[in-house]
Amino acid sequence: MSVNASMSASERINALLDDSSFVEVGAYITARSTDFNVSDIDTPKDGVITGYGLINGRLVFVYSQDRNVLAGSIGEMHAKKIAKLYDMAMKMGAPVIGLIDCAGLRLREATDALNAFGRLYLKQTLCSGVVPQITAILGTCGGGVAVIPSLTDFTFISEESGKLFVSSPNTLEGNYSEKLNTAAAGYISENTSLVDKVLKTDADVLAEIRTFIDFLPSNCDEEGFSDSEDDLNRTIPNLDSLKDDSRAVIGNIADDCLFYEVKEHFAPEMVTGFIRLNGFTTGVVANQVKDGGKSLTTAGTNKAAKFVSFCDSFNIPILTLTNTNGFAATVDEEKTVAVGAARLVQAFANATVPKVNIITGEGLGSAFTVMNSKSIGADIVYSWPNAKIGMMDAEMAAKIIYDEEISSSNDKAETLDEYKRQYEALQGSAVSAAKRGYVDDIIEPDATRKRVVAAFEMLSTKIEERPYKKHTSI
């Protein structure tokens, strides 16, 4: 079927699902309100098609808003249909996919529509962590509707038709769309954490979701798995030369060298995404030095924390690649980076799935601690031989500790270099960390894939309890 940006609500569903697999639910429901002469307006399906079908043979529930019926606006019965779909998805343990093309709140229904928004938000919140929720923005998604993708796990947006905003650009003081289009896909993906992928057309978005959903389990009681014939003992020559480009390292160690990155354009200094190891879906969090990731930022830590929490909710093991020397030091970062770091600590410490950390470059100071260190719950920590692990850079530490000795030396540079080497050997190397039990093994970079696969295989039966509580308060 030829598909483009003008696809109807039903055509979008057919493009998303396996051929002839869609079964509609609630086809005869229409608007109920009689205020403002709504009863005189034809509202087939009340502006949203709901039902279930298959993607690559797996059950999913889907709703698709129809912009041709009251501009796809959300009213009482519209929201009830979607809420019913969430109830079914939670009972059956299958993902929910929403195809958004909506003018927002249905003004004709006033408080009934407001209540409908709230009911939908409630269902999304109850569903969170039970089954995956995916949103595709294929038209307007504004006002209160913008909360819907924010409550889901992953959001895809069409560059040519998608608009995401709480307040439209023209309503922002001193702004207008031509000056700064804050609702555009490009702006949203680079400046907020709301979007995981930007695709050119609606058809591209729907095809991408079909690919992406294969990485995810259907619910919180399952595991993500896909057969792979990649050699489990495959070695990767010269992998250490890529230590500052974690994307390249991740791609090399993954089954079939396939890495599915999410939120690529937001906080690029922190990389998040999915790979398969021995067929099992694994979440990856990594510092991307190549894109400015030597220091942890607020945006990067928040991005990673949300991703780790998702993985833990759906039994997805977590691999981290650590290469950081501290926190970003700017006036703006000083306001928020401690809170971001705390959220990342909470996410890693609270996660009970298998967790493996590889220190590929530097692991210095508190920034190293929050990146899935053994002290906050990593099950296995490996280090490459040349990694630097410690409180701070060895040269800086030597200057502080041995300031008097260096100052009184006739050859300050040589004395500094000697104390630097001593400090690094005692407190700043992979070997010194391994001697203290903070690193489980020092591995050769080219053996990284097989060592990580073996670690996760050993951890596959892991059971770890946490103290009883309703939830964390962080």
Distance-only side-chain donor-acceptor flag, Asp312 / Ser309, under 3.5 Å: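 Side chains of Asp312 and Ser309: no pair found under 3.5 Å.
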
Side-chain donor-acceptor contact under 3.5 Å, Ser161 with Ser158: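 Yes, Ser158 and Ser161 have a side-chain donor paired with an acceptor closer than 3.5 Å.
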
Give the minimum heavy-atom separation between [X] and [Y], together with the two atoms involved.
{"X": "Pro217", "Y": "Ile316", "value": "CD-CD1, 4.0 Å"}
{"X": "Ala15", "Y": "Leu206", "value": "CB-CD1, 3.8 Å"}
{"X": "Phe259", "Y": "Thr272", "value": "CZ-O, 4.0 Å"}
{"X": "Ile318", "Y": "Cys311", "value": "CG1-CB, 3.9 Å"}
{"X": "Lys303", "Y": "Val262", "value": "CE-O, 4.0 Å"}
{"X": "Lys197", "Y": "Glu208", "value": "CE-OE2, 4.1 Å"}

Side-chain donor/acceptor pairs under 3.5 Å, residues 276-283, sequence neighbours excluded:
| residue | atom | partner | partner atom | Å |
| --- | --- | --- | --- | --- |
| Thr281 | OG1 | Phe215 | O | 2.7 |
| Thr282 | OG1 | Phe280 | O | 3.3 |

Is the closest side-chain heavy-atom distance between [X] and [Y] below 4.5 Å?
{"X": "Ile209", "Y": "Phe154", "value": "no"}
{"X": "Ile358", "Y": "Trp384", "value": "yes"}
{"X": "Asn323", "Y": "Lys294", "value": "yes"}
{"X": "Tyr382", "Y": "Val439", "value": "no"}
{"X": "Leu99", "Y": "Val62", "value": "yes"}
{"X": "Asn56", "Y": "Arg58", "value": "no"}
{"X": "Ser383", "Y": "Ile443", "value": "no"}
{"X": "Leu180", "Y": "Tyr187", "value": "yes"}

side-chain hydrogen bond (donor to acceptor under 3.5 Å, both in side chains) contacts in which one or both residues fall within residues 371-380, not counting sequence neighbours: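 Pairs touching residues 371-380 that pass the test: Thr320-Asn372, Ser373-Ser375, Lys374-Asp440, Asp379-Lys462.
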
With a cut-off of 3.5 Å and sequence neighbours excluded, list every side-chain donor-acceptor pair involving residues 130-143.
| residue | atom | partner | partner atom | Å |
| --- | --- | --- | --- | --- |
| Gln133 | OE1 | Tyr86 | OH | 2.9 |
| Gln133 | NE2 | Gln124 | O | 3.0 |
| Thr135 | OG1 | Thr152 | OG1 | 3.1 |

Side chain to side chain donor-acceptor pair (under 3.5 Å) between Thr297 and Glu269, worked out: CA-CA 8 Å; Thr297 65; Glu269 68 275 6; 2.4 Å; yes

Result of checking Thr298, Asp332, Asn302 against Val337 for side-chain contact (heavy atoms from CB on, under 4.5 Å):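 In the set Thr298, Asp332, Asn302, the residue that makes a side-chain contact (heavy atoms from CB on, under 4.5 Å) with Val337 is Thr298.
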
Asp256 atom CG: more than 12 heavy-atom contacts under 6.0 Å: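 Yes, enclosed.
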
Enclosure of Glu464 CD (heavy-atom neighbours >12, cutoff 6.0 Å):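 Counting neighbours around CD of Glu464, more than 12 heavy atoms of other residues, nucleotides or ligands fall under 6.0 Å, so yes.
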
Asp244/Lys290 under salt bridge (charged side-chain N to carboxylate O under 4.0 Å, His left out): CA gap, chis, key distance, verdict: CA-CA 5 Å; Asp244 288 343; Lys290 183 179 178 182; over 6 Å; no

Verify, without hydrogens or angle tests, whether [X] (side chain) and [Y] (backbone) share a donor-acceptor contact under 3.5 angstrom.
{"X": "Lys179", "Y": "Gly174", "value": "yes"}
{"X": "Arg234", "Y": "Asp230", "value": "no"}
{"X": "Gln65", "Y": "Asp101", "value": "yes"}
{"X": "Asn219", "Y": "Gly93", "value": "yes"}

Verdict with reasoning, Thr322 to Asn357, per side chain to side chain donor-acceptor pair (under 3.5 Å): CA-CA 7 Å; Thr322 298; Asn357 185 13; 2.9 Å; yes

Stepwise side chain to side chain donor-acceptor pair (under 3.5 Å) test for Asp446 and Thr235: CA-CA 5 Å; Asp446 64 0; Thr235 58; 5.6 Å; no

Steps toward salt bridge (charged side-chain N to carboxylate O under 4.0 Å, His left out) verdict (Glu160, Lys200): CA-CA 6 Å; Glu160 68 178 13; Lys200 186 170 181 58; 5.7 Å; no

Aromatic plane relationship, Phe314 with Phe310 - under 30° parallel, 30 to 60° tilted, over 60° perpendicular: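 Aromatic pair Phe310/Phe314 classed tilted.
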
Check: Phe212 ring centroid to Phe156 ring centroid under 6.0 Å: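 Yes, ring centres under 6.0 Å apart.
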
Pair Lys91 + Asp87, salt bridge at N-O below 4.0 Å: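 No.
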
Positive for side chain to side chain donor-acceptor pair (under 3.5 Å) with Arg449, one of Asn233, Asp255, Asp231, Asn252: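 For Arg449, the side chain to side chain donor-acceptor pair (under 3.5 Å) check succeeds only for Asp255.
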
Atom pair OG1/CG of Thr155 and Leu194 - distance to nearest 0.5 Å: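 The distance works out to 7.0 Å.
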
